[in-house]
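Whatever order the structure lists ligands and atoms in, that order sets their numbers, starting from 1.
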Amino acid sequence: MKSLTIVVPSYNEEESLPIFFDVTERVMSEKLPNVDYEYLFIDDGSRDRTMDVIHELAAKSERVRYVSFSRNFGKEAAIYAGLENATGENVVIMDADLQDPPALLPEMYHIVMEEGYDCVGSRRVTRKGEPPIRSFFARMFYKMMAKISKTEIVDGARDFQMMSRKVVNAILSMGEYNRFSKGIFGWVGFKKKWLEYENIERAAGETKWSFWKLFLYALDGIVAFSTAPLVISSVVGMLFCLIAFIAIIVISVKTIVFGDPTSGWPSMVCIIMMVSGVQLLCIGILGQYIAKTYLETKKRPLYLVQESNVEK
Ligand code: UDP
Ligand code: MG
């Protein structure tokens, strides 16, 4: 059994992978020369030469294992496939673009092996180099999640983390289809140490996350790790009932006492618009949860393999 598996989800990373491999090899040979490790590249249905690059690396080094997906299944599926196919006693997940610095590997390995931690997470303490609007929404998301979810989701936490077999098995036991790793990592618990570092910009290529994709991902995270939106819509519903009840009494009394003629068509339209808007919103929220439940009940596989050199 290998001592460490380095899992690298890769989607269209033909430019980054060779650089990633060189830098990581250097760190491993200089700082952790006695560690028996392997790479596990997950090609997430790349459309560029990523798979050719991985083949070249595999021809060059005995340590390179890979799993290639039949199409793009997303990073979450790639992480799951990485953990499932890893043979190492410890596993670390790293991005291919060097935004997760390999220089931290020796320290992480030391912490897991000698300091008695099950897991070492990493978080960036700055977001420099990122569009300000993106940082702003990211901050809001984490603040809100802290309030509405019981699971701890740490601001700035990366998927870059090293974990022992115990933690890997715990994560694999969560077979949910709608995966939100930041939440899953927090949900499983175990003794965890955090390493902090400043944000590093991509080595090559470009980010796969548009603002819209991140927004949808955030919604997935909320639905997966909180049911607070359902509670909020129930509360809003009750509030509206209360307001309506008071309004009925006030208007009835007014009509009886003062004999007020029928009037107020514009205000009526506004009220109808608002109430039906709130209704649609609440149905929408409910729909999100039902949609996720629907996808879960289908029990589709998280990924399909096109090609692999992992022997299990
Ligand atoms: N990635 C993936 N599948 C996807 C999108 C991204 O495996 O559908 C990988 C990507 O190759 C990279 C990592 O996930 O190794 C992080 O992606 P990226 O750098 O684009 O995200 P960012 O760092 O900008 O959040
Ligand atoms: Mg990146």
Quick check with a 6.0 Å cut-off and a 45 degree axis cone: is Arg134 positioned over the face of Phe137's six-membered ring?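 So Arg134 doesn't make the cation-pi contact.
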Taking the six-membered ring of Tyr177 as reference, does the cationic atom of Arg300 (NZ for Lys, CZ for Arg) lie under 6.0 Å from its centre and within 45° of its axis? no
Within a distance under 2.8 Å of the Mg ion (ligand 2), the protein atoms of type N, O or S are Asp97 OD2, Gln99 OE1
I need the contact residues for ligand 1: any residue with a non-hydrogen atom closer than 4.0 Å to the ligand, ordered by chain then number.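 Under the 4.0 Å cut-off, ligand 1 touches Pro9, Ser10, Tyr11, Glu13, Asp44, Asn72, Gly74, Lys75, Asp95, Ala96, Asp97, Gln99, Arg134, Arg202, Thr207, Lys208, Trp209.
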Could you give me the CA-CA distance, side-chain angles and deciding distance for Ser3 and Tyr109, then say whether side chain to side chain donor-acceptor pair (under 3.5 Å) is met? CA-CA 10 Å; Ser3 169; Tyr109 191 74; 2.5 Å; yes
What about Val223 and Leu286, same hydrophobic cluster or not, with Ile/Leu/Val/Met/Phe/Trp/Tyr joined at side-chain heavy-atom distances under 4.5 Å?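 Yes, it is one cluster - the side chains of Val223 and Leu286 are joined through contacts under 4.5 Å.
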Answer yes if the ring centres of Phe41 and Tyr39 are under 6.0 angstrom apart, and no otherwise.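 Yes, close enough.
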Checking salt bridge (charged side-chain N to carboxylate O under 4.0 Å, His left out) for the pair Glu38/Arg65: CA distance, chi angles, key distance, verdict? CA-CA 7 Å; Glu38 62 168 3; Arg65 307 266 179 284; 3.6 Å; yes
Between [X] and [Y], do the side chains contain an N or O donor and an N or O acceptor separated by less than 3.5 Å?
| X | Y | answer |
| --- | --- | --- |
| Glu76 | Ser181 | yes |
| Asp220 | Asn178 | no |
| Glu13 | Ser10 | no |

